[in-house]
Colleague: 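One structure, pasted below without further comment.
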Amino acid sequence: MMLSSVLSRSSHLGTRSLKQPSTLPRLMPIASGAGLARGFASNSEPYDVVIIGGGPGGYVAAIKSAQHGLKTACIEKRGALGGTCLNVGCIPSKSLLNNSQLYHQAQVDLKGRGIDVGDVTLNLPTMLKAKEKSVTSLTSGIESLFKKNKVDYYKGAGSFTSPTTVKVELTEGGEQQVEGKNMIIATGSEVAPFPGVEIDEEQIVSSTGALSLKQVPEKMVVIGGGVIGLELGSVWSRLGAKVTVVEFQEAIGGPGLDTEVSKQFKRILEKQGIQFKLGTKVNAVEKKDGKVIVQAEDKKENKEDFDADVVLVSIGRRPVTSGLNLEAIGVEVDKKGRVVVDDEYNTTCKGVRCIGDATFGPMLAHKAEDEGVAVAELIATGYGHVNYDVIPAVIYTHPEVAWVGKSEQELKNDGVKYKVGKFPFLANSRAKTNLDTEGFVKFLTEKDTDKILGIFIIGPNAGEMIAEGGLAMEYGASAEDVARTCHAHPTLSEAFKEGAMAAWTKPIHV
């Protein structure tokens, strides 16, 4: 049975112990290919595995396939490996988030900590240069990993001419046919367009343009209160812009985020100076007299215009499947353009699989990476594993927001009886010492068994701390298991332990 790509992160899939398809012969390890040669290599015999796309899913699938002894090739049209995440997404945005937070702290926070500094000024070109340096070092690092693992790398755009052959329009000119026994689509996603709005990446920008603005806008309007909009809105707010977020839904943070956490998150960001217009839709965006005017109305049809120097359009992403010639080989896509796969990532064309943002599930780099490992293992050994109920999500604002598992509203909708345990960072000794006490840890457990069903953290270092939650849930831990595990003192992770104690019995320090 084919899985529709509309499956949500709370789907019935859960843990997959992926079995070898009966229609695919098990491949024995063979000598690997000739390795990286000036960005591409000629192939005299078919590859065992050919991957289209060099993002987090694709490059990981390539490396893992090669590590299994399979002759492997990866095709990437960008000219730099790492996909959206590394080039214009996760990595550059985190560079700006980190450095803009340091700038903000130097301006408003250091004096209260006993650190007197002179005038603090922003050098935006240098900050952007630091961002580019981090991207370049990581993309070149992946090329080195390809060379080390003897993965052949073709720089160019690939399209299917048959289920086993891809035509590559090489970046340096010309074309080449690449033949493979197993094909993997890992082409990722792109910014979803806003109907009627033309993005120029200068005044009306996508997330890509928002990473490279030449100056700090006086006013910025962010259309969309999801993860990307909030992160990039935070960057420019810290650097001096007056930021207004316009969101159609009644909450921020996107699907999967616990309602209580979302409300607290909004209050904290408002204290930082970001304004929100929730339950509001955007009807039009137009340039006028050097400004950009956003025409919006709320659900009561009250109209309001917002003027801005820069408008960030951040309403989501869509799969990249155009140009692959999927129709020629019978690969089915759903109404949203996502490739339909079964529980072993097989498409409707035998021998062609798909992973990452181009198919079902949350569009997250780490989800794609895990699928890259799983699909390579399926091809090489017949077995693979991804637990879709334990995929963490993080919003890298300050404070960070992170979660894994199900929210209260999801548990209520599923009719699950549950308990809630919470612990505030205000009562954590390390957070108080660091003068960083916003937020809390929240555990959701099954009422009768104490099994952990969901963990939500809003507070300092939440993105790192959630890994402990994922590990606990992967092994089916109870709140008592975490509460009885010794955590070092004084650390922020003690708040995590006390959140578990609150769900199990009672916390100590509140």
Colleague: Could you verify whether a donor N or O on one side chain and an acceptor N or O on the other, from Tyr418 and Glu408, lie under 3.5 Å apart?
Modeller: yes
Colleague: Name all pairs fulfilling the side chain to side chain donor-acceptor pair (under 3.5 Å) condition that reach into residues 77-91, sequence neighbours left out, sorted by first residue then second.
Modeller: Arg78-Thr84, Thr84-Arg317
Colleague: Is there a salt bridge (Lys or Arg N to Asp or Glu O under 4.0 Å) between Lys155 and Glu172? Walk through the geometry before answering.
Modeller: CA-CA 8 Å; Lys155 293 184 179 181; Glu172 295 183 1; 5.9 Å; no
Colleague: Looking at Phe425, does the NZ or CZ of Lys432 lie under 6.0 angstrom from its six-membered ring centre and within 45 degrees of the ring axis?
Modeller: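 No - Lys432 does not lie over the ring of Phe425 by the 6.0 Å and 45° rule.
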Colleague: Take atom CD of Glu198 as the centre, draw a 6.0 Å sphere, and report whether it contains more than 12 heavy atoms from other residues, nucleotides or ligands.
Modeller: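 No.
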Colleague: Given Gln295 and Glu286, is the side-chain contact (heavy atoms from CB on, under 4.5 Å) satisfied, shown in steps?
Modeller: CA-CA 8 Å; Gln295 300 173 10; Glu286 64 176 6; 3.4 Å; yes
Colleague: So, Glu297 and Asn283: side-chain donor and acceptor under 3.5 Å apart, yes or no?
Modeller: yes
Colleague: Check whether the side chains of Tyr396 and Gln101 place a donor and an acceptor atom closer than 3.5 Å, and report yes or no.
Modeller: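 No, Gln101 and Tyr396 have no side-chain donor paired with an acceptor closer than 3.5 Å.
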Colleague: Around Gln215, counting heavy atoms of other residues, nucleotides and ligands shown, do more than 12 lie under 6.0 Å from its CD?
Modeller: no
Colleague: Can you list the residues that meet the ring-ring contact (aromatic ring centres under 6.0 Å, His included) rule with Phe496, with sequence neighbours excluded?
Modeller: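 So Phe496 forms a ring-ring contact (aromatic ring centres under 6.0 Å, His included) with Phe443.
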Colleague: May I ask you to check whether Ser407 and Asp258 show a side-chain donor-acceptor distance below 3.5 Å?
Modeller: no
Colleague: With a cut-off of 6.0 Å (strictly less than), are more than 12 heavy atoms of other residues, nucleotides or ligands near NZ of Lys131?
Modeller: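 Yes, the 6.0 Å shell around NZ holds more than 12 heavy atoms from other groups.
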Colleague: Could you check whether atom NZ of Lys133 has more than 12 heavy atoms from other residues, nucleotides or ligands sitting under 6.0 Å from it?
Modeller: no
Colleague: Tell me if the CD atom of Glu464 is crowded by more than 12 foreign heavy atoms within 6.0 Å.
Modeller: no
Colleague: Judged by atom type as modelled, is there a donor-acceptor pair below 3.5 Å linking the side chain of Thr347 to the main-chain atoms of Val352?
Modeller: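 At least one qualifying donor-acceptor pair exists.
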Colleague: How about His398 and Ser234: do any of their side-chain heavy atoms sit closer than 4.5 Å?
Modeller: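 Sidechains of Ser234 and His398: no contact.
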Colleague: Would Glu218 and Lys242 pass as an ion pair if we require N to O under 4.0 Å?
Modeller: no
